[in-house]
Visitor: 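Dumping the structure here so I can ask a few things about it.
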Amino acid sequence: MGLTDALNDRQKEAVLTTEGPVLVLAGAGSGKTRALTYRIAYLIGEKKVDPWNILAITFTNKAAAEMKTRVNDLVAFGAESIWVSTFHSMCVRMLRRYADRIGFDTSFTIYDADDSKTLMHQLIKSLDMDPKQYKEKGVLADISSAKNELITPEEFARQNAGDYRKMQIGELYTAYQDQMKKNNAMDFDDLIGHTVHLLETDREVREYYQEKFRYILVDEYQDTNTAQFRLIELLAGKYKNLCVVGDDDQSIYKFRGANIYNILNFEREYPGAKVIRLEQNYRSTQNILDAANGVIAHNEGRKEKHLWTQEGAGSRVRFCVYDTGRDEAEAVVKDIEKAVQEGTPRKECAVLYRTNAQSRAIEEACVAHDLPYRLVGGVNFYQRMEIKDILAYLKTIDNAVDDLAVQRIINVPKRGIGQTTINKLVVFGSANDMSFYDACRHATYIPGMGKAAAKVEQFVEEMEKYRQMADEEPLEDLIRAILKETGYQAELEAEGTVEAESRLQNLEELISKAVDFEKNKAEDVSLKDFLEQVALVADIDTVDPDADRVFLMTLHSAKGLEFEHVYMVGMDDGLFPSYRSIVDDDRDEVEEERRLCYVGITRAKRELLMTSARSRVINGETRYNKPSRFVEEIPDSVLTRNDESYGSYGSSFRSGDSYDGSYGNSWKSGNSFGRSRGDGEDSYGDGYSSWGRSRGGSSYGDSYGSGRGGASYGDSYGSSRGGQQAGSSFGHGHYGSVAYLERQEGLSQDVFDKKKPAKKKTENVYVTGKQLAASGKKQLDFQVGDRVKHVKFGVGTVAEIKEQPTDFQVTVDFDEAGTKKMYAQYTKLEKQ
DNA sequence: CGGTCACCAGTTTTT
DNA sequence: CTGGTGACCG
């Protein structure tokens with residue numbers, strides 16, 4: 001069978017054109033990943049290219065992982081020697097090898113955004129600048145933009161001579177880079193920038209990689225920034241077998257430095273580049289594509305594309321206006337319930353919004369309707385306080401060169417070492433050109449330390465003990481020892497709040513990550529390796545594909561995903577497009593929002609509902625908006641809207657209908673649901689969710705709690721502000737009904753009685769399915785002696801089951817992988 | 001040194 | 001409306 005049989009002509013072209021620069025303009029849903037993976041398979045299988053000579057770059061770990069898997073499935077051998085990696089991990093890999101050539105130690109540490117903030121905060125203070133005027137976040141944003149454009153501190157200063165504020169920021173930029181070098185640290189932007197610098201200045205290294213990477217592929221090319229562009233240019237400099245895949249219409253990351261001209265000017269930068277357009281869409285109905293095409297056509301300066309499909313027209317796109325944001329949320333949830341009842345899996349429904357703050361209204365409606373949902377986005381696992389604390393301990397134990405890490409934990413839990421003492425240590429350290437930790441070791445020699453010196457000494461002794469331990473004991477034991485002996489765990493346990501409980505659960509999860517890590521690695525895994533891996537992981541991607549829940553996420557997060565039913569809420573002019581983009585002189589701002597709208601529309605496979613609210617509370621104030629201009633840009637031929645009859649058809653209302661008034665004002669003012677045709681066939685007048693279908697037999701309440709995932713909706717609640725939902729492996733109805741009911745009540749209370757502190761709030765907590773397991777311990781469906789199957793380790797026999805307060809520890813003798821201990825909560829063991 | 005209260009700012013996000 | 005921060009007081 002020919003490899004390319006499964007491809008259309010354009011895709012084939014993208015696969016077969018292996019030599020020279022190629023730009024693949026891949027419209028949404030046009031089979032871009034397919035083309036990319038087949039291209040790799042073709043290179044190896046047909047062109048006999050050594051896998052070792054191939055580099056495939058993506059933006060996210062998830063995309064990299066997916067590509068690896070798919071290539072692996074297509075290629076007979078050698079897939080593991082292909083570099084399939086993100087920009088950042090590729091750079092780390094190169095820098096770990098050659099950073100010494102640009103003045104860093106190859107053991108450099110990687111700073112995340114928080115680390116950078118802490119450092120910048122210190123610098124602003126030490127340079128005597130007004131922290132009100134120079135906020136670390138803003139300063140860092142300016143610096144980041146500069147780095148994305150490969151502007152050095154010197155150049156920055158030169159460019160901004162005359163602008164006082166900018167010059168001050170330039171000072172900070174210089175100081176920041178100096179300090180980073182002293183700390184032997186790099187931030188995420190530096191990883192790219194320093195690699196570019198390395199390749200530019202070191203001919204040997206450059207030629208090595210140019211020779212190695214004869215074939216380069218870049219995914220999501222429209223998201224690259226100038227530094228990344230330059231990096232690719234350097235790597236592809238010799239062979240120029242560069243294939244970039246992207247869609248200028250889906251460029252939505254300008255705010256983080258993406259340069260849309262990288263794709264628009266590709267042909268200019270790479271003369272003779274072959275341009276291939278993938279316009280056949282395999283995802284959506286023609287009506288949805290027409291809507292998308294209609295909207296995006298309003299942008300100027302784009303590569304003309306026209307999506308089409310062999311599928312039929314499908315349903316029309318719907319647009320509904322409600323009186324308030326709450327009505328809108330209710331209506332959307334009702335529509336989803338209806339869809340679910342008609343057979344659409346919940347996980348095939350997604351509610352998309354412009355800003356994270358909008359999730360709250362939807363969440364509340366979901367909870368009120370017992371609709372299981374999964375919130376995507378917000379603060380990620382490794383940025384949670386407790387996780388960062390323990391990682392800071394591990395960093396301190398590992399090599400203590402990261403001053404920020406040491407300072408973070410020196411008084412956590414409280415050791416009576418206050419800011420004054422820390423300041424003295426910092427001063428002493430920098431005066432004597434030693435690290436903060438070394439300063440701690442010399443605490444007794446520091447004048448004016450007094451009683452604090454003994455405490456600092458005590459701290460150093462503790463750390464030294466752990467250092468010893470790290471060499472001899474498994475990671476798990478080390479982390480548990482830290483938690484126990486420092487009193488960190490005890491402190492959380494003493495708190496007794498839901499929040500503290502969830503932090504403990506998060507720590508358990510970290511431990512299980514460490515255990516996993518040690519199990520999967522070869523002999524000598526070091527603490528360093530673990531920290532390395534953790535540094536570049538943005539998200540513990542444990543989204544359980546089985547969990548059947550509605551997705552809630554921002555339009556940005558939705559990129560690359562697809563759903564049967566898509567709900568774009570908050571289609572208000574001023575919210576989307578945002579007010580800022582409308583008033584901005586730069587037309588491009590609205591164009592970026594329009595691209596975002598295009599991305600949202602093209603996520604939908606079958607049904608698309610857009611909604612808007614006449615009044616909406618944003619930041620505590622009520623705002624009144626018109627429908628989004630983007631709605632007006634959708635061709636009438638594919639759009640059904642219910643807002644045009646505003647005021648004229650109020651009387652066509654069937655006010656006696658079944659609703660109990662919970663939507664209050666939307667009924668009274670309810671002009672919104674009237675419609676011109678009063679022929680009775682339509683049931684528009686009576687509610688949100690009918691839309692010309694018969695309502696026969698629909699009763700929303702039926703499905704409550706009875707579905708498979710019925711018990712698990714609560715997973716997501718409580719993370720409404722910034723909680724990343726990691727998903728649960730327990731959405732299968734293992735809970736007893738008692739536990740479920742408790743959960744339900746607890747949550748409802750929490751939602752509707754927010755002002756009463758009676759129930760502990762659980763906001764801003766990383767809530768995982770594990771917590772649910774803690775409230776109703778999962779029953780095991782196997783016992784000692786049973787044969788079970790594990791995803792990674794294969795089949796084995798259960799040797800021992802130990803019951804623990806919140807979980808079962810299961811020991812399994814695997815046929816191939818040996819004996820492993822694992823927690824039932826964290827591991828899916830299937831009875832054979 | 002640590003806790004409480006008033007004030008302020010407030011898109012989108014990956015690594 | 002909220003969360004994060006800084007000043008002030010015990």
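Numbers restart at 1 for each chain; the letters A, B, ... are given by sequence-line order, proteins then strands.
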Visitor: Rounded off to whole Å, could you give me the CG-to-P distance for the A/D115 and B/dT15 pair?
Guide: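 Those two atoms, CG and P, are 17 Å apart.
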Visitor: Taking only the side-chain heavy atoms of A/N61 (C-beta and beyond), determine which of B/dT15, B/dT11, B/dG10 contains the nearest atom.
Guide: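 Shortest atom-to-atom distance from the side chain points to B/dT15.
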Visitor: Ignoring the backbone of A/K135, work out which of B/dG10, B/dT11, B/dA9 is nearest its side chain.
Guide: B/dA9
Visitor: Would you classify A/I417 as touching base, sugar-phosphate or nothing, given that sugar-phosphate means primed atoms plus P, OP1 and OP2, and contacts are heavy atoms under 4.0 Å?
Guide: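 Counting heavy atoms under 4.0 Å across all strands, the contact made by A/I417 is with sugar-phosphate only.
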Visitor: Are the side chain of A/D115 and the backbone of A/D112 linked by a donor-acceptor contact shorter than 3.5 Å?
Guide: yes
Visitor: Heavy atoms under 4.0 Å, any strand shown: does A/S557 hit a base, just sugar-phosphate, or nothing?
Guide: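 Result for A/S557 = sugar-phosphate.
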Visitor: Considering only B/dT11, B/dC1, B/dT15, which nucleotide approaches the side chain of A/T421 most closely?
Guide: B/dC1
Visitor: Taking the minimum atom-to-atom distance to the side chain of A/N411, which one of C/dG6, B/dT11, B/dG2 wins?
Guide: B/dG2
Visitor: Could you check whether A/S578 gets within reach of a base, just the sugar-phosphate, or nothing at all, counting any heavy atom under 4.0 Å?
Guide: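 Base contact.
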Visitor: Please work out whether the ring planes of A/F576 and A/F630 are parallel, tilted or perpendicular, with thresholds of 30° and 60°.
Guide: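 If you compare the ring of A/F576 with that of A/F630, the planes turn out perpendicular.
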Visitor: Kindly state which residues belonging to residues 252-260 of chain A come within less than 4.0 angstrom of DNA chain B, counting heavy atoms of the residue only, listed by number.
Guide: A/Y253, A/F255, A/R256
Visitor: Atom CZ of A/R595 to atom P of B/dT12: distance rounded to whole Å?
Guide: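 Computing the A/R595:CZ to B/dT12:P distance gives 18 Å.
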Visitor: Need one value for A/E593: base, sugar-phosphate or nothing, where a base atom within 4.0 Å counts as base even if backbone is also close, heavy atoms only.
Guide: base
Visitor: Tell me the interatomic distance from A/F188, atom CZ, to B/dT14, atom C1', rounded to whole angstroms.
Guide: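 After rounding, the reported distance stands at 8 Å.
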Visitor: What is the distance from atom CD of A/Q177 to atom CG of A/L172, rounded to the nearest 0.5 Å?
Guide: 11.5 Å
Visitor: Could you check how far OH of A/Y353 sits from P of B/dT11, rounded to whole Å?
Guide: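 To the nearest whole Å, that distance equals 15 Å.
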Visitor: A/N225 side chain N/O closer than 4.0 Å to the phosphate oxygens (OP1, OP2) of B/dT14?
Guide: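 Negative; the distance criterion is not met.
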Visitor: Report the distance from atom CD of A/Q358 to atom C1' of C/dC1, rounded to the nearest whole Å.
Guide: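 Nearest whole value for this atom pair: 15 Å.
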Visitor: Check salt bridge (Lys or Arg N to Asp or Glu O under 4.0 Å) between A/R595 and all other residues, then give those that pass, not counting sequence neighbours.
Guide: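 Salt bridge (Lys or Arg N to Asp or Glu O under 4.0 Å) list for A/R595, sorted by chain: A/E592.
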Visitor: Under the salt bridge (Lys or Arg N to Asp or Glu O under 4.0 Å) rule, collect the residues that match up with A/R408, sequence neighbours excluded.
Guide: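 Residues passing salt bridge (Lys or Arg N to Asp or Glu O under 4.0 Å) with A/R408: A/D389.
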Visitor: For A/D584 and B/dT12, what is the distance between atoms CG and C1' respectively, to the nearest whole Å?
Guide: 15 Å
Visitor: Counting side-chain heavy atoms from CB outward, which of C/dT2, B/dA9, B/dT15 is closest to A/R360?
Guide: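 Of C/dT2, B/dA9, B/dT15, C/dT2 is nearest to the side chain of A/R360.
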Visitor: 5'-most contact on DNA chain B: A/R415 or A/N619, nearest heavy atom basis?
Guide: A/R415
Visitor: Kindly assign one of parallel, tilted or perpendicular to the pair A/Y253 and A/H556, based on the angle between their ring planes and the thresholds 30° and 60°.
Guide: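 Tilted: the ring planes of A/Y253 and A/H556 meet at 30° to 60°.
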Visitor: Check the distance between B/dG3's C1' and A/K414's NZ and give it to me in whole angstrom.
Guide: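 It is 10 Å, rounded to the nearest whole Å.
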Visitor: When the distance from NE2 of A/H88 to C1' of B/dT13 is rounded to whole Å, what number comes out?
Guide: 11 Å
Visitor: Applying side-chain hydrogen bond (donor to acceptor under 3.5 Å, both in side chains) between A/R616 and each of A/N625, A/T622, A/D572, A/D323, report the one that passes.
Guide: A/D572
Visitor: Between A/T420 and A/K137, which has a closest nucleotide on DNA chain B that is more 5'?
Guide: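 With A/T420 and A/K137 compared, the 5'-side residue is A/T420.
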Visitor: If you measure from CD on A/E149 to OG1 on A/T226, what distance do you get to the nearest 0.5 Å?
Guide: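 A/E149 atom CD to A/T226 atom OG1 measures 3.5 Å (nearest 0.5 Å).
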